[in-house]
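Some notes on the structure that comes next.
It should be emphasised that the depicted structure is a prediction, and the values quoted were computed from it without experimental measurement. We name chains A, B, ... by the order of the sequence lines, and we start the count at 1 in each one. Heavy-atom basis, side chains included; hydrogens, waters and symmetry copies ignored.
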Amino acid sequence: MKYWLMKSEPQVYSIEDLKRENTTVWDGVRNYQARNFLKQMEVGDLAFFYHSNCKNIGIIGLMEVIETNIIDPTQFDKSSPYFDVKSTINNPRWQTVKVQFKQKFPEIISLNTLKERFSGDEFLLVKKGNRLSVMPVPENLINLII
DNA sequence: GCCAACGTTGGC
DNA sequence: GCCAACGTTGGC
């Protein structure tokens with residue numbers, strides 16, 4: 001079982017949205033490195049939900065990967081902002097996973113706190129210039145994060 | 001709203 | 001394959 005971190009802008013999709021819907025297909029990732037991490041995910045993996053580009057930035061909850069190797073349907077949807085004209089049905093570019101709500105933390109673990117706790121070499125999230133929206137979380141950090 | 005940092009595109 | 005131009009991410 002591995003741990004991951006996945007970013008979302010709460011004004012687009014928040015932990016409250018996931019709590020209400022219980023599960024969601026994590027669509028819209030259009031970065032190859034992030035997609036490659038999505039491909040590596042296995043059922044039962046846990047992922048931290050991170051709120052980005054908002055007032056209260058940080059880790060806000062936890063979710064579980066419940067289905068893998070899902071073809072992101074938005075890549076074929078011409079009305080979607082995530083439509084990819086170069087992706088074909090026979091050779092889709094973008095795969096993702098389905099996740100289920102586990103918990104919302106009583107308090108957000110702020111980006112500042114995470115920066116105080118970890119160096120960029122330890123944790124990609126706080127590495128200068130990093131923009132990945134899906135990334136692994138090193139096992140030895142889990143106890144320090146939660 | 002600004003802008004640094006990064007990824008992607010496309011001409012050559 | 002190189003790299004300038006452009007678009008996006010995301011913190012501030």
* To do: Compare every heavy atom of A:L124 with every heavy atom of A:L132, then report the nearest pair and how far apart it is.
  => CD1-CD1, 4.0 Å
Side-chain donor-acceptor distances from residues 137-146 of chain A under 3.5 Å, at least two apart:
none

* Asked: Relative to the 5' end of DNA chain B, which residue comes earlier, A:Y32 or A:K128, by the nucleotide with the nearest heavy atom?
  -> A:K128
* Between A:R117 and A:E122, is the closest basic N to carboxylate O distance under 4.0 Å? -> no
* Asked: Across the strands shown, which category fits A:K86 at heavy-atom distances under 4.0 angstrom: base, sugar-phosphate, nothing?
  -> sugar-phosphate
* Which letters describe nucleotides 4-12 of chain C, given B = protein heavy atom under 4.0 Å from base, S = only from sugar-phosphate, - = neither? -> ---BBBBBS
* Those residues that, when tested against A:R93, pass side-chain contact (heavy atoms from CB on, under 4.5 Å) (two or more places apart) -> A:Y32, A:Q75, A:D84, A:K86, A:S87
* **Heavy-atom closest contact (A:M135 atom, A:L125 atom, distance)** => SD-N, 3.3 Å
